[in-house]
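One structure is given below, encoded as structure tokens.
Throughout, protein chains are lettered first and strands after them, A, B, ... in sequence-line order, and every chain is numbered starting at 1.
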Amino acid sequence: MSSSEERKLILKSSDNEEFVVKESSAVQCLTIKNLVEDRCVSDPIPLANVDSKILALVIEFMEKHAETTLSNSEKKEFDVEFVKKPFDDLLELILAANYLDFRELMDVLCNTCAKQMENWSVEEVREKFNIQNDYTVEEEKAARAENPWAFE
Amino acid sequence: MEWDSDLESDLSSAEEEDAGEGFGFWLRKSGPGELPFPLDTVLQPAPCGFVVTDALEPGNPIIYVNSVFEMATGYRAEEILGLNCRFLQCRGPFAKRRHPLVDPTVVAEIRRCLEEGIEFQGELLNFRKDGSPLMNRLRMTPIYGDDDTITHILGVQYFADANLDLGPLPGSLTKKFTQTSQKLRFNSSPHGIASNVNHNSSCVVCALMQLSDEVLVLKILSRLTPRDIASVSSVCRQLYDLTKNEDLWRMVCQNAWGSETTRVLETVPGAKRLGWGRLAREITTLEAAAWSKLTVGGIVEPSRCNFSACAVGNRVVLFGGEGVNMQPMNDTFVLDLNSSNPEWQHVIVGSPPPGRWGHTLSCVNGSHLVLFGGCGRQGLLNDVFVLDLDAKHPTWREISSLAPPLPRSWHSSCTLDGTKLIVSGGCADSGVLLSDTFLLDLSMEKPVWREIPVSWTPPSRLGHTLSVYGGRKILMFGGLAKSGPLRFRSSDVFTMDLSEDEPCWRSVTGSGMPGAGNPGGIAPPPRLDHVAVSLPGGRILIFGGSVAGLHSASQVYILDPTEEKPMWRILNVPGRPPRFAWGHSTCVVGGTRAIVLGGQTGEEWMLSELHELSLASCHLI
């Protein structure tokens, strides 16, 4: 009986690319962990909501954080470099981490996202998240007037 | 357990082992040996989806789905629990109607079987969350309860990709955040997914980034600063609604100020009424800062000066002091500001420490007070005593430790993490000024004093202040500092980061150049025995103390050491300030009010009239 360290899983992205990962790394994603525990693992595991580009990045993070030989500060250093990505990529990674229920990755990404949003203007938030302004001119003025301190 | 024996004969022992969590209850429900369908088809190696619905509830809501179902359909359990399975017949999470390609005769057959209470088997077109088609080979089985009513429906699905080209999902949000997908406006009226779900619960799917409101709020918005949240409320209607949520504001405050501060703020009466949103605003802008006077009852006698005051929750505690004839006192008084008529009360405590003045009193571990040093009857002291104010019979307990700091008075102290006492400087025997820094971890069984080794210290001093900010950083200000053979009042600012492996003192601006170490702006005149208040978020307020000349001692100055280039600013506070305020007899209550004792004359200790610098309007009397 081989040790669980050697058990591998195949993850398949939404665009049909397959990735081989160690089960011990992959179970950091609770979604995958539940699947393994329910013994309902098919080969490969289809991840309908994650494309190959993002899945590759998730796997990179996953494997780094599963390495027992790395210290916490080394992992933190990796995290700092890992999040230096275009904002759109960060958002897609957040969606993937949320779907996969990968808490550690989610925390690192959301921290970064919040930090980047520091002091953003209202217009910047709309642009970066592609949110349509559904206020009328008067409504927006009123909303802003409620919190003048936010715009000083 | 025989894994390779015939499955059916081993049923009774195998069922617990093989069955996943979802199997358990309906296996038990159907009684021993009696199963509604053959177990072997259920336990096939090919992964199948399982769904269990509650047949006693109107609408037959889903109460369990397994991971295969989640993987195959792209819907997470928390998004769909409580819904009827028919959402799978709609294409994508925003569709309201069954897709036209779904065979209505099969749907009718399902309905008929459910009505007649019999099993259904068939194949139906379903859709994943991203709109791609799936063929669902479905078996639905009613589960009967004790009295022959159907209590649950069990669905087993084998999903396979369907070869249909349906074109792009109309009006939906693709993952690429393209310009076409904008509908952020979200009604509380039923959408394909949002129906049956309480709007206040976590399951509303938000078009913004396809994250549910709960994830968005918990993970991202809660990490924004108060100012950013306030500004984000003007982005669109949905964010306006989300940012009105008090729980979100509480998380924002906690992330911005630390859990210690928010815990203390929660105990302030009136804080709940004000709300976290308003509190965050007032503490950020200081727009509600005001001086007021407070009259309290009770008497502190014999009268004294140079005592030490410290707040525990909403209670002000006073210990010791110098009485008439310079006699060191050792009694303890408490003033409960929560009571409708606060009055000074002498607390009978067990084993009081030797009397003293010029000592420090700090709050640790929530309701404990720790006393250090001072000058007693026989000279300077370096003993440590702790008092649990909430104990049934409060008793001062001495903490003895090897290698304590030198005995001293008029040193400075602060509390780190709510558990570690930090002590620095002060005046030792023969009037020698000190510049050391010691730490005592009171969370340990046997606390041990540890000196913080540094290669350089600021000039030694007494009567300075240590304030904690940014979690584990301390800021030293002012005091009477050594300068060659002389001593001068100082207005220097130094900081130390105790989260570093080798903490060291730095000037607050970070500059080593002479004269460039102190912040610019309108600096407070040099002083000692002043008041320093740590604001949530890292800023420091300075006022009071012994100031040379005719300067107004109660002018309030504010500094943010976390800024790139920290600058002193004046804070204009309405109301009548006290004429004097001393560090040793002023304490900060609930992080938002500085209570100044005996500030009117500076000589007679009229403790029935207090002055209060309040930072949030929850204290309006």
Exercise for the section: To the nearest 0.5 Å, tell me how far Trp149(A) CH2 sits from Glu287(B) CD. Expected result: 8.5 Å
Problem - Rounded distance [0.5 Å steps], CG in Leu224(B) versus SG in Cys113(A) - result: 8.0 Å
Handout entry: Choice from Asn111(A), Asp101(A), Asn119(A), Val125(A) maximising heavy atom contacts with chain B below 4.5 Å
Key = Asn111(A)
Handout entry: Interface moiety of Thr284(B) toward chain A, non-hydrogen atoms closer than 4.5 Å
Key = side chain
Handout entry: Value rounded to 0.5 Å, distance of NZ in Lys33(A) from OG in Ser67(B)
Key = 11.0 Å
Exercise for the section: Quick one: closest heavy-atom pair of Met71(B) and Pro46(A), and the distance? Expected result: SD-O, 3.8 Å
Exercise for the section: Count the heavy atoms belonging to other residues, nucleotides or ligands that lie under 6.0 Å from CD of Glu500(B), then report whether that count exceeds 12. Expected result: yes
Practice task
Quick one: closest heavy-atom pair of Leu239(B) and Ile131(A), and the distance?
Solution key: CD1-CD1, 4.1 Å
Practice task
Answer yes or no: is there a side-chain heavy-atom contact under 4.5 Å between Thr112(A) and Arg223(B)?
Solution key: no
Exercise for the section: Count the heavy atoms belonging to other residues, nucleotides or ligands that lie under 6.0 Å from CG of Asn72(A), then report whether that count exceeds 12. Expected result: no
Practice task
To the nearest 0.5 Å, tell me how far Arg227(B) CZ sits from Asn147(A) CG.
Solution key: 10.5 Å
Problem - Side chains of Met117(A) and Ile220(B) in contact at under 4.5 Å (non-hydrogen atoms) - result: yes
Problem - Non-hydrogen atoms of Ser231(B) and Ala150(A) that approach each other most closely - result: N-CB, 3.6 Å
Problem - Presence of salt bridge, Lys115(A) and Asp228(B), under 4.0 angstrom - result: no
Completion exercise
Bottom line for Leu109(A): the part with an atom under 4.5 Å from chain B's heavy atoms is neither
Handout entry: Test item: side-chain donor near acceptor, Tyr240(B) and Glu139(A), under 3.5 Å
Key = no
Handout entry: Which portion of Val232(B) sits near chain A, non-hydrogen atoms under 4.5 angstrom
Key = side chain
Handout entry: For Arg237(B) against Asp134(A), the heavy-atom pair lying closest together
Key = N-OD1, 3.0 Å
Exercise for the section: Determine yes or no for a side-chain-to-main-chain donor-acceptor pair under 3.5 angstrom, with Arg76(B) supplying the side chain and Asn98(A) the backbone. Expected result: yes
Exercise for the section: Hey, could you give me the OG/CD distance between Ser234(B) and Glu123(A), rounded to the nearest 0.5 Å? Expected result: 9.5 Å
Exercise for the section: First locate atom CZ of Arg144(A), then atom OG of Ser233(B), and finally report the distance between them rounded to the nearest 0.5 Å. Expected result: 9.5 Å
